[in-house]
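What follows is a single structure, written as structure tokens, with notes after it.
Given the structure is predicted, the values throughout are model-derived calculations rather than measurements. Letters A, B, ... are given to chains in the order of the sequence lines, protein chains preceding strands, and every chain is numbered from 1. Just so you know, these numbers use all the heavy atoms, side chains as well, and skip hydrogens, waters and symmetry mates.
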Amino acid sequence: MRMSKLVGRRIKEDPKDAKTVSHKYLIRGGYIRPVSTGIYSLLPIGKKIIQKIEKIIREEMDAIDGQEVLMPVVLPAELWEESGRYKSVGPELLRFKDRNEKAMLLGMTHEEAVVHLTRTEITSYKQLPVMLYQIQTKYRDEARPRAGLIRVREFTMKDAYSFHTSQECLEKYYEKAHAAYERIFKRLGMRNVVSIQSNSGMMGGKVSHEFMAVADCGEDTIFLSSKYKANREIAYAAWKYEKSAPLHLEKVHTPGHKTIEEVAGFLGMKAENTGKAVFYQDENKRLIFAMIRGDFEVNETKLKNHLRVNELNFANDAMIKAAGAEPGYASPLALDATKIKIVVDNSIAGSSNLIVGANEADWHYKNFNFERDMPAGVEVTDIACVREGDPCPITGEPLQLKKGIEVGNIFQLGTKYSAAMSCTYLNNEGKSMPMIMGCYGIGVGRSMASVIEQSYDDYGPVWPISIAPYQVQICAINPDKPGVTEAAEALYNDLSKLGIEVLFDDRGEKPGSMFSDADLIGIPFRFIISPKTLEKMQIEFKRRGVKESVMMDAQGIACKIKELVDKEMQLYV
RNA sequence: CGGGGUAUAGCGCAGUUUGGCUAGCGCGUCUGCCUUGGGAGCAGAAGGUCGCAGGUUCAAAUCCUGCUACCCCGACCA
């Protein structure tokens, strides 16, 4: 490709809106252009990268016996009504009507579509297991797109679905998919991707993993140790609590002190000597009373999972009072746990002599002890958020807090969709059984952005050769001087004939602007031809991301470059 | 959905407070000359519904009302 013809201008200054590295460089380098909030066009070099990412994904999906299909972006609402998700999924599902007033939607994920396909094509256990995948545009009406390609509304995703006759078979395949994902991210050149246990959320199912590209701009919080990896939603720690002899329960006047800090400060205690009351209401307007030690935060995901509810909102004061508690001074004391759902964190049960509310304005109690003072019928479990430095549940070492970009995820779905949508097969006894499913996603555009987040310098992205828009760049300095254009053209032709992807900067720009542009395009190998180098019958070789360059003899250089490229490519096979 | 911000040439901005000549500047683009190792120089040129719609006024980029789009923080989120 000749740079003089390449569409997509480079921009010298950072776009004012872009905050993250990948967003800045994708815009500045001419990879993407915004069209609307969270909706982007891909320019030629951006598209090239995406194609290479997709190729790697295809190879690995095919390697675990995947079969590629393509399902529609636009789907009839009926299909989603079958699974129940037409109602259960919120406004991020874009719903609309066609000219006949038929309810339609834009697919944000394709479980329904793939089940529709599978239930008619697969009818016998002899056809199973099977895995179908596609690389398709998806649409989610995100509340707040951000950070360029990290969170968008329209995006390309590889989604795969496997179908099995047994949980064992699913689990075995799940491991294969997990391994395939590790290969994919390695081949994409991501330096730091961790697979973590995660909460399966609206997808249903039990076991799931998220693949997180560790990056400061990541939206998700993850906790890591040498042996443990989990996201904030499900992470737990080996918390240790200290018991001491229970002291006499004592009512204390705490006028106007409602928050943990205020109460603890007023009484000269620490937050960990207090009990915190948090009230929620679930989707059925049921009041939930969560209690946790004052130095912890309630993890709503854990609480939801414990209660088996989908939605939790903070309860209003009227509801709290109606239950007999006093906002700001609430505790389980004297409440009837058979009427209110009370969930108590282990930290409360494990601690002694806590300060808790008296369920009376301006009063607290000192020396609350779980065994003695907690009403009967409460549920005790772990509903705490892990904090940085909490002890790892496996090794005991302090957990590290990191930010991650979710680039992929895998779920053991089970029969949630197949049962709801009659996706069944006949087993060897002639009995109709729902297929057991797994699903496996990778965000393609998000992966491109994530590679930048993990591989860049002050001048632009440093692409791994496996997904770089071109493998080699030729820069011709002073092309009007005798021999330069000829030499550059010759090298361009020779490399092209050898099957190497070359971007040839034939524009005759000043060296400074040429190098700056080259840095923004981030091609791993750069060869510079100028009157200076040709004087010595040499060509300069510079590796993207490395300061020093080396001179190489022009004679026979094409074959040497081919070797370099092949060797580098081998790193990503 | 809550809070904040922005909208003037392809990009980045000034001008708006205090209404007033033909709406400017830098970068980029085009032409010519010159120049060529980290974004040169000279000369010339093109490029604007000042986000949209109303209103006030002799006069609106500027004041008023409504709307829209985009960005940031939060809520939300396979």
In terms of side-chain heavy atoms of [X], which of [options] is nearest?
| X | options | value |
| --- | --- | --- |
| E92(A) | rC77(B), rG39(B), rU36(B) | rC77(B) |
| K510(A) | rG37(B), rU35(B), rA78(B) | rU35(B) |
| E142(A) | rC77(B), rG38(B), rC11(B) | rC77(B) |
| R146(A) | rG74(B), rG37(B), rC11(B) | rG74(B) |
| T109(A) | rU36(B), rC70(B), rA78(B) | rA78(B) |

Same-atom distance ([atom1]) from [N] to [M], integer angstrom:
| N | M | atom1 | result |
| --- | --- | --- | --- |
| rU8(B) | rG51(B) | P | 6 Å |
| rC21(B) | rC11(B) | C1' | 30 Å |
| rC73(B) | rC27(B) | C1' | 31 Å |
| rA69(B) | rG38(B) | C1' | 38 Å |
| rA60(B) | rC71(B) | P | 33 Å |
| rC25(B) | rA9(B) | C1' | 12 Å |
| rC1(B) | rA75(B) | C1' | 7 Å |
| rG54(B) | rA45(B) | P | 36 Å |

Checklist entry - OP1 or OP2 of rG38(B) sitting under 4.0 Å from any side-chain N/O of S516(A)? => result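 False: S516(A) side-chain N/O out of range (4.0 Å or more) of rG38(B) OP1/OP2.
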Next on the checklist: So, does S36(A) get its side chain near the phosphate of rC70(B), meaning an N or O under 4.0 Å from OP1 or OP2?
Outcome noted: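 For rC70(B), OP1 or OP2 has a side-chain N or O of S36(A) closer than 4.0 Å.
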Give a yes or no on whether a donor-acceptor pair under 3.5 Å exists between the nucleobase atoms of [N], that is its base, and the side chain of [X].
| X | N | answer |
| --- | --- | --- |
| R144(A) | rG74(B) | yes |
| D519(A) | rG38(B) | yes |
| R151(A) | rC77(B) | yes |

Between [Y] and [X], do the side chains contain a donor N or O and an acceptor N or O under 3.5 Å apart?
| X | Y | value |
| --- | --- | --- |
| H164(A) | S162(A) | yes |
| D506(A) | Y492(A) | no |
| T109(A) | E111(A) | yes |
| Q136(A) | D159(A) | no |
| T156(A) | K138(A) | no |

Grab the [atom1]-[atom2] distance between [X] and [N] for me, whole Å please.
| X | N | atom1 | atom2 | result |
| --- | --- | --- | --- | --- |
| I11(A) | rU29(B) | CD1 | P | 13 Å |
| K12(A) | rG38(B) | NZ | C1' | 11 Å |
| I27(A) | rC71(B) | CD1 | P | 10 Å |
| K19(A) | rC71(B) | NZ | P | 11 Å |
| R9(A) | rU29(B) | CZ | P | 7 Å |
| M514(A) | rA40(B) | CE | C1' | 14 Å |
| R507(A) | rU36(B) | CZ | C1' | 14 Å |

Item to check | Steps toward side-chain contact (heavy atoms from CB on, under 4.5 Å) verdict (I442(A), V407(A)) | outcome: CA-CA 6 Å; I442(A) 293 179; V407(A) 287; 5.6 Å; no
When all nucleic acid strands are considered with a 4.0 Å heavy-atom cut-off, which category describes [X]: base, sugar-phosphate, or nothing?
| X | result |
| --- | --- |
| T20(A) | nothing |
| S530(A) | base |
| K547(A) | nothing |
| D517(A) | base |
| E540(A) | base |
| R232(A) | nothing |

Find the partner of [N]: check Watson-Crick (N1-N3 plus N6-O4 or O6-N4) and G-U wobble (N1-O2, O6-N3) distances, both under 3.5 Å, and reply none if neither fits.
| N | value |
| --- | --- |
| rG10(B) | rC27(B) |
| rG48(B) | none |
| rC34(B) | none |

Next on the checklist: Pair R58(A), E68(A) - check salt bridge (Lys or Arg N to Asp or Glu O under 4.0 Å), show working.
Outcome noted: CA-CA 8 Å; R58(A) 282 194 172 93; E68(A) 186 167 4; 2.7 Å; yes
